[in-house]
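Shown next, in structure tokens, is the structure this report addresses.
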Amino acid sequence: MPLIRLDKFISERTEYTRSQIKSLCAKGSVTVNGSPVKRSDTKIDTGADDVTVCGNAISSERFRYILLNKPKGYVSSTDDKDGETVIKLVPPEMRSKGLFPAGRLDKDSTGALLITDDGALAHRICSPNNHISKIYAAELSRPFEQEYVEKFAKGIVLANGEACSPCKVQKAENADNLAFVELHEGMYHQVKRMFAAVGNHVENLKRISIGGLILPKDLPLGKCMYLLPKDIEQMFTKIDFDAILTIGHNFFSAN
Ligand code: URA
């Protein structure tokens, strides 16, 4: 592995600036392989050396891939002019400078949201050309009607005349007011507007998968986890929509 400067390594992977890293090193708060390193221009081997800052291990990976189980009340943005952002929910030790949400969930929607500093990957996830599907669980104010299946499969036309691509929708097995929808595109408020177009109303909306990656049952609302390379690969696999209906998560419980 190539040798790089300690301050460059840390600044690319955290929110610290190079001058902050210099003073943290001088204070003995930065260690390499367990020993404090006083000079921030020390060269390290990114493949072999273990670095900590204030006791937190710094991953050697260049980019962060974080899955958030988004709660209601946060905006999918880095700009807090419309309210608190999802970035606030990323614990400080998981943050890096360029983190942003890859894709959008409405302020009142919950569920799987990728937060990353890898712009190229985010583009691949969000670009409709890549056909990465997203599955949503929608709690409806009125019972699901079987005719929705055909209407969604033909392509819903929204109230303003915009046409949605054909997609799958299904009623959940044990609840008349719970539906699952699989989208391959991301128009503004799309799921809510699609159900409005068939005369229903979405009370609660949760994204439960991004590509083949399903929101883990044990990730509490408001919490983040690092995604591993295998999880990223999973996002680029196809999901079996019918299988999702039977996985048995209680999507609108406390979690
Ligand atoms: N569709 C919506 O209506 N809202 C979301 O947050 C995501 C998809």
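Owing to the predicted nature of the structure, the values given are computational and were not obtained by experimental measurement. Atoms within each ligand, like the ligands themselves, are counted from 1 in listed order.
Within a 6.0 Å sphere centred on CZ of R142, other residues, nucleotides and ligands contribute more than 12 heavy atoms. By the neighbour-count criterion of 12 heavy atoms within 6.0 Å, atom NZ of K88 is densely surrounded, having more than that number from other residues, nucleotides or ligands.
A heavy-atom cutoff of 4.0 Å around ligand 1 is satisfied by the protein residues L105, D106, S109, Y136, H189, Q190, V191, K192, L205.
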From CA spacing to verdict: ring pair (Phe, Tyr, Trp, His ring centres under 6.0 Å), F195, F152: CA-CA 9 Å; F195 279 105; F152 279 54; 5.1 Å; yes
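The side chain to side chain donor-acceptor pair (under 3.5 Å) contacts involving residues 51-62 comprise T31-T52, where partners must be two or more places apart or lie in separate chains.
Judged by the 6.0 Å and 45° rule, R124 forms a cation-pi pair with F236.
When each of C224, P101, S76 is tested with L68 by the rule side-chain contact (heavy atoms from CB on, under 4.5 Å), just one qualifies, namely C224.
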